[in-house]
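Since the structure comes first, as structure tokens, the remarks are kept for the end.
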Amino acid sequence: MFNSVIQTLQKVYQTHELRRKLLFTLGVFFIFRFLAHIPLPSINLDQLQILFNSNQLLNLLNVFSGGTLANFSVAAVGISPYITASIIMQLGGMVIPQIKELQKDGESGRERLNQYTRLMTVPLAIVQSISVLALLRTQGLLQTNDPIALAAMIMSLVAGAMIVTWLGEMISEYGIGNGISMILFGAIISQLPASLSQALFSVTSDQTLTILTFGALFIAIIGLIVFMNEAIRKVTIQYAKRQRGSRVYGGQMTHLPIRVNVAGVMPIIFAVSILMVPPFFAGFMISSGQRELVEIGQWLTINFAQTAPVFMITYFVVVFFFTFFSALIFFNAENISDELKKSGAFIPGIRPGAATKKYLEFVVSRITLAGAFFLGVIALLPSFAQVFTNIGTLAISGTSVLIVVSVILETMKQVDSMLVEQDYERYL
């Protein structure tokens, strides 16, 4: 296996196109990490580090941002507004006919949808920048009240978000892999050494066996993530026979692959965003000074800590149900049934059209049950780890591992396909 990896790396290096794409992607990663270390003024960075270390949800968001939030750099908002805009556009395709038509309109429709997504990213980046500054003010970390300075900070955060979005699109066009996923991948990987070192230094002698046990489980979980990420349900497809003169065309049997994890990591990212709302409002309530609001804020703070039962149950339920909802969005059974009907294909025993659509929705809902449960358990892994080990520095969560493994697998597939294409061109 090790020799095959070495041979693949040699082929990548010897292939000019792949080498160029790889170096371009590494260059974008370098620029992103450079932006992550350009802090904005008027923030108490020492107190900000303490805040993120004490709040596990904020710590998880900081991992997703590549440490830009804890540094409060110009890229603190990061890729999050673009991801939110993409989710909104996907949801809009279910209720807005114009967006639905663009989703069916091939490459030109996708380009227009991407343009609308970029335009929507700007107001979302403004809202998220204001929310971050409001959160810092409630914690007493904002050292200025000058409206001009605050406006400059908001514009800097919005500019940083758009630059990071542009870098992701450059990777998609000139680099390797999906740009947005690669930016998330680079952000998570950059925080891996710090998180592991913090976890190791906080381990006591009586926790060594527990940590080794969780290490073995961690390796098993990576294997499970790979299995679930690659798992598919094969739906048999048959093409109708057509006779032209003395020749008979069609009649072949093939299959339609349906992924068990159709929605990817989007449900977890959505759930994290939702669960950030109660602690955010809790800070305002506690700082208001009114007794009733303070009590409510304290209740929210206690019950939405990462190891609290209320938080864990809510987190699992949100991920579980949003996975079903996302599966219906990303897997459009109606479009697939129409395409099968137009191409003369059908599922044996199922009538084309509405019956095929209903059958595909039934299959997706059944396999998504396993995928939703899997994502819910993956999302709660850091909470379980902290409950059993009492180590609060386990910031690299199951979500992060899922993103990293998924991106690596997809990138490897793209590299393999490009290597096959290069070998094919040599034969021609």
Side-chain angles (χ1 to χ4, degrees), residues 5 8-9 12 18-37 59-71 73 75-84 86-87 121 160-161 163-196 218-219 221-226 228-230 259 261 263-270 272-273 375 378-379 381-382 394-418:
V5 172
T8 302
L9 291 177
V12 170
L18 267 175
R19 187 170 67 248
R20 182 186 64 81
K21 286 179 175 292
L22 180 61
L23 293 176
F24 182 86
T25 304
L26 292 176
V28 172
F29 282 162
F30 175 80
I31 296 173
F32 174 66
R33 296 312 304 160
F34 177 76
L35 292 175
H37 290 86
N59 204 359
L60 178 59
L61 288 178
N62 185 52
V63 170
F64 285 165
S65 69
T68 58
L69 278 172
N71 295 332
S73 71
V77 175
I79 205 72
S80 177
Y82 185 82
I83 294 176
T84 306
S86 300
I87 294 174
T121 301
I163 291 174
V164 173
T165 300
W166 176 73
L167 290 176
E169 293 186 344
M170 288 298 99
I171 291 179
S172 297
E173 187 169 355
Y174 301 108
I176 294 178
N178 178 275
I180 305 304
S181 299
M182 293 299 286
I183 290 292
L184 276 175
F185 171 80
I188 293 170
I189 288 296
S190 68
Q191 297 302 295
L192 182 60
S195 297
L196 290 180
F218 181 76
I219 296 175
I221 287 168
I222 291 179
L224 179 62
I225 289 174
V226 173
M228 292 296 292
N229 193 73
E230 298 297 301
R259 294 181 60 182
N261 186 14
V265 296
M266 284 299 179
I268 299 181
I269 296 175
F270 176 81
V272 170
S273 302
L375 285 181
I378 289 294
L381 281 181
L394 295 173
I396 299 297
S397 66
T399 310
S400 305
V401 176
L402 179 61
I403 293 174
V404 169
V405 172
S406 300
V407 172
I408 290 175
L409 291 174
E410 292 300 324
T411 305
M412 287 177 60
K413 289 179 182 178
Q414 183 176 350
V415 170
D416 288 341
S417 65
M418 292 186 68

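Treat the numbers as computed from the prediction; the structure is a model and nothing was measured. The residues of the chain are indexed from 1 along the displayed sequence.
- Rounded to the nearest 0.5 Å, atoms CD1 (I83) and OG1 (T121) are 10.0 Å apart.
- Here CD1 of I79 is found 4.0 Å from OG1 of T165. Values are rounded to the nearest 0.5 Å.
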Item to check | Residues N178, V407; criterion side-chain contact (heavy atoms from CB on, under 4.5 Å); working and verdict | outcome: CA-CA 8 Å; N178 178 275; V407 172; over 6 Å; no
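- Between I176 and the choices L18, L26, I171, the side chain to side chain contact (heavy atoms under 4.5 Å, CB included) rule is met once, by L18.
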Next on the checklist: The test is side-chain contact (heavy atoms from CB on, under 4.5 Å); show your working for S181 and E410 and say whether it passes.
Outcome noted: CA-CA 10 Å; S181 299; E410 292 300 324; over 6 Å; no
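- The distance from the CD1 atom of I183 to the OH atom of Y82 is 12.0 Å, given to the nearest 0.5 Å.
- Rounded to the nearest 0.5 Å, atoms CD1 (I189) and CG (L184) are 11.5 Å apart.
- The distance from atom OG1 of T25 to atom CE of M182, rounded to the nearest 0.5 Å, is 5.5 Å.
- Minimum interatomic distance between H37 and S73 (heavy atoms only, all atoms of both residues): N-CB, 4.3 Å.
- Across all their heavy atoms, S172 and G179 have their closest contact at OG-N, 2.7 Å.
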Next on the checklist: Checking F24 against V28 for the side-chain contact (heavy atoms from CB on, under 4.5 Å) test, could you report, in this order, the C-alpha distance in whole Å, the side-chain angles of both residues, the deciding distance, and whether it holds?
Outcome noted: CA-CA 6 Å; F24 182 86; V28 172; 3.7 Å; yes
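- For residues 164-182, the salt bridge (charged side-chain N to carboxylate O under 4.0 Å, His left out) pairs, not counting sequence neighbours, are R118-E169.
- Shortest non-hydrogen contact noted between G78 and V164 is C-CG1, 4.3 Å.
- Judged purely by atom type and a 3.5 angstrom limit, T411 has no side-chain atom pairing as donor or acceptor with the backbone of G177.
- One distance of note links CD1 of I163 with CZ of F32; it measures 12.0 Å at 0.5 Å rounding.
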